[in-house]
*Asks:* 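Encoded as structure tokens, here's the structure I'll be asking about.
Quick note: residue numbers are just sequence positions, from 1. Here the structure is a predicted model, which is why all the values come from computation and not from measurement.
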Amino acid sequence: MASKVASWYKKDHVREVKTDFAYHHTKHVVKQQAARKSKCVCRLYTQATETMAEPGYIVPLFHPRKTICVCEVHGPAVETAYAIPFYRERHAEETEEYQRVSTNVEKELAVIQEEVRRMRIATKVQVETLAVQKEVREMMTRRVDYLDEIPRMPDFLLALRPHTVWEKTPIKLFCTVQGNPRPLVQWYKAGVPIYPPNTPGKYKIESKYGVHCLVISRSAVSDTAEYSAVAINQYGTATSKATVIVKRGAGAGDYYHLGLVPHLTEIHASKLEVGLFDRFPVTFGVEGESATLVCSMVVVPDLPNLPPIAQWYRDDKLLTPSKLVEMSVGGGKARLTLPHLAKDDEGLYTLRIFTKDGTSDHSAYLFVSDAAPTTAGAPGAPMSVKVYDVGSDYVLVAWKPPNTVNEAPITGYFVDRCEAGSDTWVQCNDAPVKVCKYPAHGLHVGRTYYFRVRAVNKAGISRPSRKSDKVIALDDAERLRLEGTKEGVPSAPTHVVATRNTKTSVFVQWEASKEQKSLMGYYIDARVVGAKEWFACNNKPFKHTRFVAHGLIQGETYVFRVQAVNVFGLSEESQESSPVSVQPALAIPSAPYGITMLSSDGSSITLAWKSPKHSGGSRINAYYIDQRDVNDTVWTEVNLAAVTERVCTVDNLTEGNYYEFRVQAGNLVGVGLPSDPSPPLKCEAWTMEEPGPAYDLRFSEVRSHSLVILWKAPVYTGASSVTGYFVDMAKKGSSEFVTLNQETVNRRYLQVTGLEEGETYVFRVRAVNAKGVGKPSELSDPVCARPLPGTKEIVAGVDEETGDIFLSLEACEVSEMSEFVWSKNYKTIGDCPRVSVSTKGRTSRLTFTNPDKDDLGRYSVFVTDTDGVSSSYTLTEDTLNTMLELSYAIRHPVVPLKHGLNYEVLEKGHVRFWVQAEKLSSSVSYRFIFNDKEVKSGEGYKISHDVATGIIQMTVDNFTRASEGTYTVQIHDGKAKTQSSLVLVGDVFKAALKEAEFQRREHIRKQGPHFSEYLDFTVTEDCTVLLTCKVANVKKETTFQWYKDDEEIVPETPPNVMSGACGLPVPLFSRKDQGVYKAVLSDNRGKDTSAFDISGKVFDDIINALARVAGASASDLVLQCTPEGIRLQCYMKYYTEEMKTIWKHKESKIASSERMRIGGAAEMAWMQICDPTDREKGLYSIEISDGVKTHVRSFDLSGQAYTEAYAEYLRLKAAAFAEKNRGRVLGGLPDVATIMEDKSLSLTCTVGGEPTPEVTWLKNEQEVESNEHTRVTFDGGKFSSLVINQVTPDDSGKYSINVRNKYGGEFVEITVSVYRHGEQIPEPKLGQAKMATPVVTPAPPSKTTTPTPSKSPGPKSPTPGPKSPTPAPKSPAPKSPTPKSPTPTPPRGIKSPTPPRFMKSPTPPRK
């Protein structure tokens, strides 16, 4: 009969199960055994029949059991009976033989049946095991990312289900737990732990593949209780509960005496399947802030309109939505928000979700600390304000006192009330009440009130408590009077015991106060051992005597104390607990994992595995290995004695068989759970030439972008030794591996760089020998490229006291079992005489005994029993040499010097030798040595020191040529010593001696009048250069004189020496002011001189200072047109050609030329463009440099500006041309002519003009006609004469000449006086030359001033011709209007030239 086995709960997975190796192997074995046994049985029956089948003989039918032949090829089972022919008769011997053979056949058939049954059972068990594994894997994939990648607190995927059974029925409670690390599950019955060894045969606890089971065999009514499974790991705790009811057959009421009456609730159980994950942790808040507790859920089916039913509890009291409590369920989350925290909100919060199979709960504590007090030292706010005994005008208010840790004791309380609808609080009591009750009087009937309380101590008043619930003053109540009560504060709790709990919490328990009347609860305080300040663990009275203090620092040691509290206040503090270190509680280790085969020789297999992820708080000191053949269901112990290494060789195996292995770890607590079975491993000899896999891949120094991977060499090396390794990497979830090293590495570690921060990677290693690359190792555990919080690196240093060179690491995380494992080049350093290791707290130090070059290399340290705390440091030769120098300095101490021996020349020519140490003690000793002879303090030498500043000094009063040599100071201060020398010879000594002699002369000089500050210069805001100096030790009789180039300068204002300062102004400074200036100060006590050479660099500095002021005052460029071209002008306070000014056109420097002329006046710099063209368009700028800053002014000569300027230039040019070519008198005529009667008068002048002008002579404005008496001539168009023969008095008068052409003319008057013989020569009356005003604007006057002819007081002798004619001056054209300077000061040094005579224009017409 064929045997087809399938799990009863996994019918739809038969196809997958059949692919399993174990299934096929078991099926094959069953077929072979059945076929072989069936053939054997058939053959035996045939032989017996042939032997015993005789005629006439009937054999009775023996069938104590029916014989079944099981064979797949025979079809269904057949019942066989044997009949002997009647004619066959047997003898007694034959009958006996027949019975013997029949008995043997029956036994063989029974053996075959038993073997077949056993194999069927084994196959069924193995197939069901595989089905369970597959079922668990499918369920765990829902949150595999949380399980594999991030640490998670425990979570029940499948919660416990309630059971109701009849008595003596076995009960199995199942649950499935997830968490990372894998949680440990403890079973409880009615809150009491279940330990199977205490009740043998009653309970059995199983745990496989995350499925945990509690088996209760032969249940009794006493087993009726609430059972709970508590899962715990280092990140938290989860609980699943279920009620078991065991009934007796007589009736269902027998279990009611146990008090387990079924709870009836108005809320109907939800039909949804709900799983909780991402549960809210222990939370810390502050008064006045908000807090939110969130728990994520997986809801099946997820219906938007039908969320799960969720209830929130605080300290087992159901919460309802209000202004202070907000609840929401939806979107896969259950959320509780406390918008305005108060200490009343502190407590244990529980979320209860109703599911299809019951309820699922999660609880965590919320701590609320006091807000910052309004006054330093003020107490925290009271809490839990309640109102009792409500009457028509009276209520009793009660509250809980706050916890006081470091504040002053509370002296009383103020109670405030507020009517509903009002924001005004009224204080009820004038004086603080000392108990936590107060009868509030004066209420109005029918009104609604709120109450609050404030605590008072000597520092101030606390913040107000949260207001009470509203109360209406309606009914009178019996009033409780507090007067005369004998109650007081409770007694202090006793026997405070603190024990380890988790990495960040401690379990505290104590004995309750003996006086518990009106007891409200307890306050728990903690303190770090060695610290003075206590801090509160809870801010709301805790009602029980067991408390878990959260938020502690792992590795720190704490002590705890407890205070009881009632309405009268706080009790005395309890005695402190014994110190306890914050470490996880001891537990059995988690299961090892990652079993891999390293080699096999046909009779043994070498295995390796990875250590448990959690050691249980104790060092793992043993491993136990079990084995089984894949055809067996029973595990066999491999080793009775503990294995301490994670490699083991299992012997006495059968070649060709497949085996499974599992490993258990043991610590101080006990043996942990077994690992998952390894995959079936075949025991056959390895003969491949390539090496086997490397193993034990682990990581060190995991950082954001790098890590170090380490591994162990293969056990099986192949045909030759291993020569190197390849390391492959892939991102988690990817099958694409990248080889990190192109060339093999011969060491067993590799630093990997270039990682992405936060990314998770897996690695594998392949060994290489001469025959090729071996099989890859098992994949490493996933590693995330992110350092641990607070990670620190190894620090190299030198001990300041001993001088020892060391490497030190302060771990960010340690546990009680942690060890610092130091390695050099990633080989563990054992007992090595070259180094020593010391550990104190979180810090470990590796100290070198006698370091040298052999100690160079890469040092690393790994901290065990942590989440991978590690670091490395490469000790280089330069670093070692630097530390060796520092070590030598510490071991051979010297007095550290800030400054070595130095000298300083003081007043009077004294020389001070000094040295300064970093610090000196009061016991310091020293001595000075000069040229090998010690110098003592005495005549000519003064030696002293100052401990505060560390200065040791020696002063030499008379520093002469004999002082040349070597100076040394030797210092001894405790064990340290040092010396410093100074060599004063040669040029160095000469410089010191020269300085000393100078100081002596200076000292003598300062005995009389002297300059305290020598001559220097400043430039004032109006650009005047001022030479200044300061004088000292002067009196009224002291004289002060200025000199330039040894010539005395007498300033307008005499210097006042009594003012202490003297100055000499130099206005309009220019190159002519260069020279040597001296100031001489003298009286009867002596004379002092200060010289100042203004030349070279000093001259340049003055010019730069002038340029600084002038440049800052420079105006923008101004356009001015002239007949010669277009001029750009810049006005400033002062300008001189020595200033560094640069004119630029389109960023190109302009040099002075015929077309571009550059010049300036005292307050203006200009640049003229002669005969401008379009090429001269563009941006012009002037740069005035003061040596530090360049002042730039610019003008854009283009566009409309250029067009208008060019038109103005053409106009002025035309006017200048007309002025140049008009008719004019060039010279030769006097202003006045006086002549005696009968003489001849000749008035001759030179005229000019182009074209040749017309000349007209006039007398008294009437044209003179040429005749014998008056002859007018005009020769060559150049010379014109008026000759009067034999003048008479009638010829006296005003004569004038009018010269003109088409461009204009000139009119000149001459006064002629004729006197008779013997008459007094008349006083001449000057005529006035008049010139017509030109029609166009004339050109600017020439730089050369036209000389004005001198007026002769005496009479002029008449001359017939133009002999030595007095040249007539040029008539200067009036100056073109100048744009107003931006500065209000008119330009200096510019005078409008006055013409020598006046001209009239136009010329009067001829008559």
Side-chain angles (χ1 to χ4, degrees), residues 134 136-153 155 178-182 210 235 277-278 296 590 592-596 608-614 676 678-679 692-712 714 724-745 747-768 773-789 791 826 860 862 866-872:
K134 186 173 182 65
V136 172
R137 282 197 300 269
E138 289 180 355
M139 298 183 70
M140 295 299 284
T141 53
R142 298 178 184 176
R143 297 298 297 170
V144 68
D145 52 336
Y146 286 89
L147 295 172
D148 293 341
E149 297 181 3
I150 61 175
R152 299 298 304 166
M153 65 183 296
D155 187 11
Q178 72 169 359
N180 190 16
R182 181 181 295 175
Y235 295 101
F277 67 98
D278 275 350
S296 300
S590 60
Y593 64 101
I595 301 175
T596 182
W609 58 90
K610 296 180 181 179
S611 59
K613 293 184 178 180
H614 302 285
D676 294 337
S678 69
Y695 68 101
D696 196 16
L697 276 64
R698 59 193 187 279
F699 302 99
S700 178
E701 304 152 45
V702 179
R703 301 295 183 263
S704 299
H705 304 288
S706 66
L707 57 81
V708 175
I709 180 173
L710 304 96
W711 61 89
K712 290 184 179 179
Y725 301 90
F726 286 112
V727 180
D728 304 330
M729 178 184 76
K731 291 184 178 180
K732 183 181 177 182
S734 173
S735 60
E736 298 179 359
F737 281 85
V738 178
T739 302
L740 299 176
N741 52 318
Q742 301 302 321
E743 301 292 335
T744 58
V745 293
R747 57 184 184 273
R748 293 197 298 276
Y749 67 90
L750 179 69
Q751 183 167 8
V752 182
T753 59
L755 304 180
E756 299 178 18
E757 184 174 5
E759 189 64 60
T760 303
Y761 300 88
V762 292
F763 295 82
R764 69 184 184 190
V765 178
R766 294 173 291 151
V768 181
V773 181
K775 60 187 300 186
S777 67
E778 292 290 329
L779 292 183
S780 69
D781 291 336
V783 58
C784 181
R786 181 181 292 115
L788 295 174
T791 295
Y826 296 98
S860 60
F862 182 84
T866 63
D867 291 335
V869 178
S870 56
S871 181
S872 67

*Asks:* If I compare all heavy atoms of V708 with all of L710, which pair ends up nearest, and what's the gap?
*Replies:* O-CD1, 3.9 Å
*Asks:* With sequence neighbours left out, what residues match D867 under side-chain hydrogen bond (donor to acceptor under 3.5 Å, both in side chains)?
*Replies:* none
*Asks:* Please name all residues satisfying ring pair (Phe, Tyr, Trp, His ring centres under 6.0 Å) with F862, sequence neighbours left out, ordered by chain then number.
*Replies:* none
*Asks:* Please report the shortest heavy-atom distance between E736 and A730, naming the atom on each side.
*Replies:* O-CB, 3.4 Å
*Asks:* Would you list the atom pairs, donor with acceptor, under 3.5 Å between side chains in residues 748-755 and any protein atom, with sequence neighbours excluded?
*Replies:*
| from | atom 1 | to | atom 2 | distance (Å) |
| --- | --- | --- | --- | --- |
| Q751 | OE1 | R858 | NH1 | 2.8 |
| Q751 | OE1 | R858 | NH2 | 3.1 |

*Asks:* For E759, which residues count as a side-chain hydrogen bond (donor to acceptor under 3.5 Å, both in side chains) partner, sequence neighbours excluded?
*Replies:* none
*Asks:* Mind checking salt bridge (Lys or Arg N to Asp or Glu O under 4.0 Å) for E756 and listing every partner two or more places apart, or none if nothing turns up?
*Replies:* K731
*Asks:* Can you name the residues that form a side-chain contact (heavy atoms from CB on, under 4.5 Å) with D728, not counting sequence neighbours?
*Replies:* F737, T739, R764, R766
*Asks:* Tell me, please, which residues at least two apart from T866 pass side-chain contact (heavy atoms from CB on, under 4.5 Å).
*Replies:* E813, S818, V863, V869
*Asks:* Quick one: does D676's side chain have a donor or acceptor within less than 3.5 Å of a partner on Y593's backbone?
*Replies:* no
*Asks:* Identify the two heavy atoms, one from V702 and one from S870, that lie closest to each other, and give their separation to 0.1 Å.
*Replies:* N-OG, 4.5 Å
*Asks:* What residues, two or more places apart in sequence or in another chain, satisfy side-chain hydrogen bond (donor to acceptor under 3.5 Å, both in side chains) together with S590?
*Replies:* none
*Asks:* Who are the ring pair (Phe, Tyr, Trp, His ring centres under 6.0 Å) partners of Y695, not counting sequence neighbours?
*Replies:* none
*Asks:* Taking side-chain hydrogen bond (donor to acceptor under 3.5 Å, both in side chains) as the test, write out the residues that go with K775, two or more places apart.
*Replies:* none
*Asks:* Kindly say whether R703 contributes a backbone atom to a donor-acceptor pair with the side chain of S706 at under 3.5 angstrom?
*Replies:* no
*Asks:* What residues, two or more places apart in sequence or in another chain, satisfy side-chain contact (heavy atoms from CB on, under 4.5 Å) together with S780?
*Replies:* L697, F699, V762, F763
*Asks:* Which heavy atom in P782 sits nearest to a heavy atom in T760, and how many Å separate them?
*Replies:* CB-CG2, 3.6 Å
*Asks:* Show the nearest heavy-atom pair for residues P714 and A694, with the distance to one decimal.
*Replies:* CG-N, 4.0 Å
*Asks:* Quick one: CG on D696 to OG1 on T596, what's the gap to the nearest 0.5 Å?
*Replies:* 11.0 Å
*Asks:* Between S777 and V765, is there a donor-acceptor pair closer than 3.5 Å when you use the side chain of the first and the backbone of the second?
*Replies:* yes
*Asks:* Nearest 0.5 Å please: distance from the CZ atom of F726 over to the CD atom of Q742.
*Replies:* 8.0 Å
*Asks:* What are the two closest non-hydrogen atoms of A767 and G692, and how far apart are they?
*Replies:* CB-O, 4.0 Å
*Asks:* Let me see the working for W609 and S678 under side chain to side chain contact (heavy atoms under 4.5 Å, CB included), right down to the final yes or no.
*Replies:* CA-CA 10 Å; W609 58 90; S678 69; over 6 Å; no
*Asks:* In terms of side-chain geometry, is the basic nitrogen of R698 or D781 positioned less than 4.0 Å from the acidic oxygen of its partner?
*Replies:* no
*Asks:* Using the ring pair (Phe, Tyr, Trp, His ring centres under 6.0 Å) criterion, which residues pair with Y761? Sequence neighbours excluded.
*Replies:* none
